[in-house]
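Read the structure below first, then the notes.
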Amino acid sequence: MLVDGVAHRTIWLAPDGRDVEIIDQTRLPHDFVILRLETVEAAAHAIRSMQVRGAPLIGAAAGYGMALAMRAGPSDGGLQGAYDLLMATRPTAVNLRWALDDMQRLLAPLAPDARADAAYARAAEICDEDVAINRGIGGHGLDLIRAAQDRNNGATVNILTHCNAGWLATVDWGTATAPIYLAHEAGIPVHVWVDETRPRNQGASLTAWELGHHGVPHTVIADNTGGHLMQHGMVDLCFTGTDRTTATGDVCNKIGTYLKALAAHDNDVPFYVCLPSPTIDWTLDDGVAQIPIEQRDGAEVSEMTGRTADGRIETVTITPDGSPVANYAFDVTPARLVSGLVTERGIADASHEGLRALFPEQE
Ligand code: MRU
């Protein structure tokens with residue numbers, strides 16, 4: 001999508017055709033910085049430190065991480081070492097495992113000297129597939145926005161979103177934002193309520209930044225505001241992303257998503273989850289019990305980083321010295337609270353039957 005009028009993806013090959021370039025998302029919204037990754041260790045660091053983040057982009061970055069590893073050492077040991085290193089970076093987004101398994105299945109049977117070229121080609125394909133999947137999600141989600149506009153007699157459609165499931169969380173388009181960008185391009189009046197999404201502020205820092213650059217009307221709200229807005233008829237639709245969805249439709253997403261789904265349910269606001277198929281974990285049937293929830297450094301809760309009036313980026317502490325802090329990064333919204341799963345193949349009921357009807361090959 002657009003940054004200062006120029007179309008960008010979040011990850012691409014450097015001009016030498018070997019290194020990989022990314023947008024350093026830890027520097028947004030204040031600085032737009034491109035980082036060059038030359039090794040699998042740099043790719044693992046980028047995922048762990050959230051220079052790249054968001055389930056689909058984590059998968060794409062892992063694909064290119066494998067390619068960088070194969071360039072340096074394509075032996076069987078090099079392949080397994082790269083797989084293990086990347087797999088250990090973040091536990092919740094299932095796209096990481098999906099991409100690594102995909103790469104390993106492709107590369108393991110090949111002779112070592114054929115692995116690097118094959119890995120680069122497949123990593124590029126994973127990126128292109130992600131773009132196509134999100135564009136597909138966008139088309140189906142657009143139907144929901146059009147229907148909401150009809151219900152509103154043509155007035156602006158207000159959409160609430162949580163975290164960043166925008167193009168920055170994917171290779172392009174985003175999952176939850178793809179329908180919004182398409183609606184905006186089609187001239188449908190949309191306005192996005194952007195949850196700030198503590199503690200890492202992906203909404204305030206990333207979603208607001210990308211919507212702003214693309215010209216989509218939006219308002220940043222404190223995380224606790226959504227229920228109030230819904231009670232007062234100020235939200236027509238909720239669209240979120242997901243980091244892992246079970247075969248039964250339980251949705252794991254950024255911490256706080258569950259509370260938004262509860263508020264939506266209580267206020268009859270449709271709550272849709274935009275779900276690319278690589279984010280479905282077909283091996284699980286109980287999200288609350290089975291999905292590993294990442295716990296991150298407490299400093300993400302006890303500290304805040306921002307820009308001072310004179311332009312410096314500073315980090316300050318906001319909790320009393322000595323207060324313990326917990327930092328659960330994700331939660332699970334049970335399928336019963338989800339109005340539908342917007343996939344690239346259509347909108348599924350959030351259930352085993354609904355997902356299998358769209359993905360019969362998983363039977
Ligand atoms: O911890 P992050 O920033 O990697 O969070 C993941 C996400 O971006 C969100 O949970 C998102 O809504 C799902 S990924 C499209």
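Counting starts at 1 for both ligands and their atoms, in listed order.
A distance of 9.5 Å separates CG in L79 from CG in D84, rounded to the nearest 0.5 Å. Here the CD-SG distance, from Q290 to C252, works out to 12.0 Å after rounding to the nearest 0.5 Å.
Using a 4.0 Å cut-off between charged nitrogen and carboxylate oxygen, R200 and D297 do not count as a salt-bridge pair. Using a 4.0 Å cut-off between a side-chain N of Lys or Arg and a carboxylate O of Asp or Glu, D236 and R151 do not qualify as a salt bridge. Electrostatic pairing of R312 and D310 counts as a salt bridge here, judged by a charged N lying under 4.0 Å from a carboxylate O.
Of all protein heavy atoms, the one lying nearest to atom 5 (O) of ligand 1 is K254 CE, 3.3 Å. Of all protein heavy atoms, the one closest to atom 7 (C) of ligand 1 is C163 SG, 3.5 Å. For atom 8 (O) of ligand 1, the closest non-hydrogen atom of the protein is R53 NH2, 2.7 Å. When hydrogens are left out, the protein atom nearest atom 14 (S) of ligand 1 is A55 N, 3.3 Å; that is the closest non-hydrogen contact. For atom 10 (O) of ligand 1, the closest heavy atom belonging to the protein is D243 OD2, 2.5 Å.
At a 3.5 angstrom cut-off on N or O pairs, T170 does not count as close to ligand 1.
Residue T279 does not touch ligand 1, judged by heavy-atom distances below 4.0 Å. Under 4.0 Å from ligand 1, the heavy atoms of M50 that appear belong solely to its side chain. Neither the backbone nor the side chain of T257 has a heavy atom within less than 4.0 Å of ligand 1.
Using a 30° and 60° split on the angle between ring planes, H213 and W209 fall in the tilted class, from 30° to 60°. A perpendicular orientation is assigned to the rings of H8 and W12, their planes being inclined by more than 60° (bins at 30° and 60°).
In this structure, P56 is part of the shell of residues with a heavy atom less than 4.0 angstrom from ligand 1. Within the structure, the closest approach of R90 to ligand 1 falls below 4.0 Å when heavy atoms are considered.
Heavy-atom contacts of N253 reach the following atoms of ligand 1: 9 (C), 10 (O), 11 (C), 12 (O), 13 (C) (cutoff under 4.0 Å). Residue Q202 has at least one heavy-atom neighbour below 4.0 Å for each of these atoms of ligand 1: 1 (O), 2 (P), 3 (O).
Of the residues T279, D281, D130, D243, the one that meets the side chain to side chain donor-acceptor pair (under 3.5 Å) test with N95 is T279.
The same ILVMFWY cluster, assembled from side-chain heavy atoms under 4.5 Å apart, contains both M66 and L13.
Proximity annotation for atom 15 (C) of ligand 1: of V52, L275, T175, T92, T175 comes nearest, heavy atoms only.
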